[in-house]
Number of protein chains: 2
Amino acid sequence: MNAVQVLESPAMSAPETHWLDDDQQSDWRAYIVGTTLLLDTLDRELRQAHGISLGEYEILVRLSETPDRTLRMAQIAESMQHSRSRVTHTVSRMEKAGLISRCASETDRRGVEAKMTDAGWELLVAAAHTHVTGVRNHFVDLARPEDFQALGRVMNAVSDQLVEENPEFADMRPGRD
Amino acid sequence: MNAVQVLESPAMSAPETHWLDDDQQSDWRAYIVGTTLLLDTLDRELRQAHGISLGEYEILVRLSETPDRTLRMAQIAESMQHSRSRVTHTVSRMEKAGLISRCASETDRRGVEAKMTDAGWELLVAAAHTHVTGVRNHFVDLARPEDFQALGRVMNAVSDQLVEENPEFADMRPGRD
DNA sequence: CCGAGTTAGTTGAACTTTCTACGAACCCAT
DNA sequence: ATGGGTTCGTAGAAAGTTCAACTAACTCGG
């Protein structure tokens, strides 16, 4: 008896597991494989063309979306679902690279504000072209709009449910409370 | 002028970028946010319940799918789209944890075969329950089957296109050549 | 058979992320 | 005002990943 059969057969599992049927399994696998290849590709394209990772790019996008291109460290952490520590390290690197500058918050003396520099802005403008083109070429333009919308519905349902269980996740989805 | 406008406006970008329209942007964002929260959650659930990461779990699944629960190191690397080096390190840790044992290949004296131990098998059986339950609760059971199938179509199209551009990606999708 | 080129896997250093602990500042009920 | 609880951000160590260099073994045209 091989593993696939065992893993798919209720007979073997002690606390009866409700396995996926073949179609569900196939769709789930398509999602995992496609997502892995897609995110790897978008990350690689950004690194090659502009020397930043997808995560660093997303930090720049978030900064660009504020009026003064500035965010508190904690806001970056929450909106990216990263630890504060991770944001400290990442922003330190981006500061060393000249993309971000840090200064003490006026209103909260514990606080630190990360501000995108002009160099960061220029990099973002260039990187955004690469990124959006990649998203189109590797994702948006490949599917019928109805299918793409269905995917959006599914993924919104996923977020809704996870945010409901974990209120702190709400920070990832602005304009939705 | 703020970033969102600039990023969405063709006027500012030098090599005219074809930006996403509002609906596309919203669906793309739903996909990224949902995927981040979903994969983080599945990883966390496996770590908490069984002390392994989602990546380690997937290695065990791949091993379980072979007749003798054995794979060459390179096969693991290719099917996971990981570097050989990464697989060496990861399998070393899993070997230390008693989940995998390594032995020299009979047929190719360069080769190393990773074999799932009985302990690894037992861990997998338990972890599979956690994982499948999570996939159901946080994903499959949240959507209408038609939407889920549409998502599968989209993600298969994504893989098809990326594999076409990068033939080495084909290793991620067995039974599709 | 030979040797150039390729493939398998490991190693250790560099880099990134996670984990833990910490000090400083805020909040607020007393 | 003050002291307990919380939040902010950092720092360094531990854990994991990437990168570059390397050895060994396979392949195959000559």
Side-chain angles (χ1 to χ4, degrees), chain A residues 36 39-41 43-48 51-59 62-63 70-97 99-115 167-168 170-171, chain B residues 36 39-41 43-48 51-60 63 70-97 99-115 167-168 170-171:
Chain A
T36 301
L39 295 182
D40 279 6
T41 298
D43 183 70
R44 190 163 20 79
E45 288 177 348
L46 276 179
R47 285 181 194 277
Q48 286 176 353
I52 56 171
S53 68
L54 185 54
E56 290 164 340
Y57 170 79
E58 288 190 344
I59 291 181
R62 280 162 175 75
L63 290 172
T70 297
L71 279 174
R72 288 285 294 268
M73 298 296 279
Q75 293 180 290
I76 298 177
E78 284 155 13
S79 72
M80 306 256 303
Q81 208 56 42
H82 286 175
S83 68
R84 292 168 194 275
S85 177
R86 179 173 181 177
V87 173
T88 294
H89 290 304
T90 303
V91 168
S92 295
R93 269 178 263 131
M94 296 176 77
E95 187 175 32
K96 201 176 304 179
L99 305 176
I100 288 179
S101 67
R102 269 190 288 202
C103 61
S105 163
E106 302 287 331
T107 57
D108 181 343
R109 271 178 301 170
R110 295 167 303 181
V112 171
E113 312 207 314
K115 182 178 171 64
E168 70 272 21
D171 300 304
Chain B
T36 301
L39 295 182
D40 279 7
T41 299
D43 183 72
R44 190 162 21 78
E45 287 176 350
L46 276 179
R47 284 180 194 278
Q48 287 177 352
I52 57 170
S53 68
L54 185 54
E56 290 163 341
Y57 170 78
E58 289 190 345
I59 290 180
L60 292 180
L63 290 173
T70 297
L71 280 175
R72 288 283 294 270
M73 298 295 279
Q75 293 180 289
I76 298 176
E78 282 154 16
S79 73
M80 306 257 301
Q81 208 56 43
H82 284 178
S83 68
R84 291 170 196 278
S85 175
R86 179 173 181 176
V87 173
T88 295
H89 290 303
T90 304
V91 168
S92 296
R93 283 190 298 272
M94 295 174 78
E95 188 176 31
K96 201 177 304 178
L99 305 177
I100 289 180
S101 67
R102 268 189 289 201
C103 60
S105 164
E106 303 288 333
T107 57
D108 181 344
R109 271 180 300 169
R110 295 168 302 180
V112 171
E113 312 209 312
K115 182 176 169 66
E168 71 273 20
D171 301 305

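All values reported here derive from a predicted model rather than from experimental measurement. Throughout, protein chains are lettered first and strands after them, A, B, ... in sequence-line order, and every chain is numbered starting at 1.
When all heavy atoms of A:Q81 and A:E168 are compared, the closest pair comes out as OE1-O, 4.3 Å. Considering every non-hydrogen atom in both A:G55 and A:M80, the closest pair reads O-CE, 3.6 Å.
Side-chain atoms of A:E56 and A:T90, non-hydrogen and from C-beta on, do get closer than 4.5 Å to each other. Put simply, the side chain of A:E78 reaches to within 4.5 Å of the side chain of A:R84, judged on heavy atoms.
Atoms CG (B:L71) and P (C:dG9) sit 11 Å apart, rounded to a whole Å. The CZ-C1' distance, from B:R110 to C:dT7, rounds to 5 Å in whole Å. Following rounding to the nearest Å, A:I76 (CD1) and D:dT10 (C1') show an atom-to-atom distance of 15 Å. Between A:I52 atom CD1 and C:dT16 atom C1' there is a gap of 16 Å when expressed in whole angstrom units. If you take CG of B:D43 and P of D:dT17, they are 10 Å apart, rounded to a whole angstrom. Atoms CG (A:D108) and P (D:dT10) sit 12 Å apart, rounded to a whole Å. B:M73 has its CE atom 16 Å from the C1' atom of D:dA24, to the nearest Å. Put simply, CD on B:E106 is 18 Å from P on C:dA8, counting in whole angstrom units.
Between D:dG9 and A:R109, no contact under 4.0 Å exists linking OP1 or OP2 to a side-chain N or O. Between D:dT10 and A:R102, a contact under 4.0 Å exists linking OP1 or OP2 to a side-chain N or O. One finds no side-chain N or O of A:R72 lying less than 4.0 angstrom from the OP1 or OP2 phosphate oxygen of D:dT7.
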Check: Does the side chain to side chain contact (heavy atoms under 4.5 Å, CB included) test come out yes or no for A:V91 and A:V112, once each step is laid out?
Finding: CA-CA 11 Å; A:V91 168; A:V112 171; over 6 Å; no
Next item on the list: Apply the test side chain to side chain contact (heavy atoms under 4.5 Å, CB included) to residues A:I100 and A:I59: give CA-CA distance (whole Å), side-chain angles for both, the deciding distance (0.1 Å), then the verdict.
Entry: CA-CA 10 Å; A:I100 288 179; A:I59 291 181; 4.1 Å; yes
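Side-chain proximity of B:V112 to D:dA25, C:dT10, C:dC26: nearest is C:dT10.
The stretch residues 79-95 of chain B touches DNA chain D through B:S85, B:R86, B:H89, B:T90, B:R93, each having a heavy atom within less than 4.0 Å of the strand.
Here the side chain of A:R102 pairs no donor or acceptor atom with the backbone of A:E95 at under 3.5 angstrom.
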